[in-house]
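Just so you know, ligand 1 is whichever comes first in the structure, and atom 1 is the first atom listed for that ligand.
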Amino acid sequence: MEFKIEWFDKLASTNTTARELFLTHTALPSGTIIAAREQTAGRGRHDRKWLTAPHSNLCFSLLICTEAELTAIPSLTMAAALAVNDLLHSMGVRSSLKWPNDVLVGERKICGILSERIESRGLIIGVGLNVNMSVEEARAIDRPASSILIETGETTDVAPLLVALLPHLAYWINAWKKDQFSSLREAWTLQAGPLGKPLTVRDGDLKKSGTLAGFGDHGELLLNTAAGIETIWSGDVC
Ligand code: BTN
C-alpha cells in the first residue's frame with residue numbers, strides 16, 4: 001500500500017478537507033493523507049469536539065478507497081488503531097486498545113479515531129494522536145488523557161512520527177484487505193482484552209453491563225450479560 005502525505009498549516013478538520021477532496025477529485029488515490037499542523041474545528045465521535053494545541057499533536061485523515069460491505073468497515077478503523085498501538089509500543093509507550101477504536105495508556109486516552117464513510121466507495125480514517133500535550137493541557141480535557149510526552153518525557157517531531165506510522169498502517173490495512181476482522185482478531189483481542197473483564201457500554205441513553213465475551217465476525221463487541229451474549233455494534237465502553 002502506498003501513501004502520499006499532504007501537509008496543511010491550518011484546517012478546520014482534516015476529515016472535512018479529505019472528504020471534500022475525495023468528492024471533487026475523482027482520481028484522488030487510496031492512501032492519500034491530509035495532515036494539519038493546526039486544526040481549528042476537530043471533530044470527535046458522537047458529535048464531540050476534538051481539541052488539540054497547534055503544532056503539538058498529530059491530526060490527519062487517511063483516505064481508503066473501498067467498496068467493502070458496510071459491516072466490514074468498522075474493522076478497517078480497528079486496523080488503524082492497531083497500527084497506532086504498534087507505533088506507540090515501538091516508542092516504549094505501554095498502550096492498549098479500547099473498543100471500538102481508542103488507544104489508551106491505562107485509563108487515559110492517547111489517540112482517538114473518527115471514521116467517515118463516503119458514498120459506499122471510500123472511508124476517511126481521521127486520527128488524533130496526542131504527541132506533545134503537556135500534563136497541564138491533559139488536565140484541562142474533560143476526560144482522562146495522555147500523550148507521548150507525558151508517557152516518555154520526550155518531545156517528538158510530529159511530521160517524522162507520521163512517516164514512522166506508515167509501515168504499521170500498511171501492515172494492518174493489508175491484513176484487513178486479506179480477511180477483514182479475522183486477520184485482526186488475535187491482535188485486537190490481545191490488546192483490548194482480557195476476555196471476561198467487566199464492561200459497561202453506553203449507546204445514547206442505553207447502558208449495558210456485563211463481561212467481555214469477545215468480538216464477532218466483523219469486530220462487533222460481544223458482551224456476556226445476565227440475559228446472555230449481546231452483540232453490540234456501536235457505543236462507548238465506559
Ligand atoms: C474520538 O472522538 O475519539 C475521535 C477523535 C478523532 C480526531 C481526529 S483529529 C484528525 C481528524 N479530523 C477530525 O476532525 N477528527 C479526526
Side-chain angles (χ1 to χ4, degrees), residues 3-23 28 31-64 73-85 87-88 95-118 122-133 137-138 140-148 156 158-159 161-163 165-166 169 191-192 201-204 219 221 234-238:
F3 299 98
K4 183 167 180 276
I5 304 174
E6 282 197 47
W7 274 100
F8 290 78
D9 276 339
K10 195 182 199 175
L11 291 178
S13 155
T14 58
N15 269 31
T16 307
T17 300
R19 178 190 198 87
E20 284 166 4
L21 289 174
F22 180 70
L23 291 173
L28 198 70
T32 299
I33 291 177
I34 304 301
R37 295 182 183 86
E38 180 174 356
Q39 195 174 240
T40 54
R43 295 184 281 113
R45 294 176 61 238
H46 305 297
D47 291 329
R48 292 187 196 117
K49 288 182 179 149
W50 184 259
L51 299 173
T52 177
H55 301 270
S56 180
N57 303 305
L58 188 55
C59 297
F60 73 91
S61 300
L62 164 65
L63 166 69
I64 302 289
I73 294 300
S75 58
L76 180 49
T77 309
M78 294 165 99
L82 276 164
V84 172
N85 194 50
L87 172 74
L88 291 171
S95 55
S96 58
L97 299 173
K98 186 173 105 170
W99 186 89
N101 46 45
D102 283 345
V103 186
L104 307 183
V105 183
E107 293 299 312
R108 298 181 309 277
K109 182 156 157 173
I110 192 165
C111 173
I113 305 181
L114 174 70
S115 283
E116 297 178 300
R117 187 91 166 113
I118 313 177
L123 185 72
I124 303 286
I125 305 176
V127 178
L129 173 61
N130 299 335
V131 181
N132 297 307
M133 177 186 279
E137 287 168 325
I141 296 176
D142 59 353
R143 289 155 184 252
S146 193
S147 70
I148 295 174
T156 306
V158 167
L161 186 69
L162 177 52
V163 174
L165 176 61
L166 301 183
L169 282 170
Q191 294 300 321
V201 187
R202 187 180 293 143
D203 193 4
L221 182 80
S234 66
D236 262 340
V237 170
C238 42

Quiz item: For the side-chain hydrogen bond (donor to acceptor under 3.5 Å, both in side chains) test, which of Gln39, Arg43, Glu116 pairs with Thr16?
Solution: Arg43
Quiz item: Taking only residues two or more places apart in sequence or in another chain, which ones pass salt bridge (Lys or Arg N to Asp or Glu O under 4.0 Å) with Arg19?
Solution: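 For Arg19, no residue satisfies salt bridge (Lys or Arg N to Asp or Glu O under 4.0 Å) once neighbours in sequence are set aside.
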Self-check item: salt bridge (charged side-chain N to carboxylate O under 4.0 Å, His left out) contacts touching residues 45-61 (sequence neighbours left out)
Solution: Arg45-Asp236, Arg48-Asp236
Exercise. Identify, with sequence neighbours excluded, every residue that meets side chain to side chain donor-acceptor pair (under 3.5 Å) alongside Gln191.
Key: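 Residues passing side chain to side chain donor-acceptor pair (under 3.5 Å) with Gln191: Asn85.
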Quiz item: Taking Asn130 for the side chain and Ile148 for the main chain, is one N or O donor matched with an acceptor at less than 3.5 Å?
Solution: no
Quiz prompt | For Trp7 against Leu162, the heavy-atom pair lying closest together | solution =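 Scanning both residues, the minimum pair turns out to be CZ2-CD2, 3.9 Å.
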For each nitrogen or oxygen atom of ligand 1, which protein N/O atoms lie closer than 3.5 Å, and how far apart are they, rounded to 0.1 Å?
from: ligand 1; atom 1: 2 (O); to: Arg45; atom 2: N; distance (Å): 2.7
from: ligand 1; atom 1: 3 (O); to: Lys109; atom 2: NZ; distance (Å): 2.5
from: ligand 1; atom 1: 12 (N); to: Thr14; atom 2: OG1; distance (Å): 3.1
from: ligand 1; atom 1: 12 (N); to: Gln39; atom 2: OE1; distance (Å): 3.0
from: ligand 1; atom 1: 14 (O); to: Ser13; atom 2: OG; distance (Å): 2.7
from: ligand 1; atom 1: 14 (O); to: Arg43; atom 2: N; distance (Å): 2.7
from: ligand 1; atom 1: 15 (N); to: Arg43; atom 2: O; distance (Å): 2.7

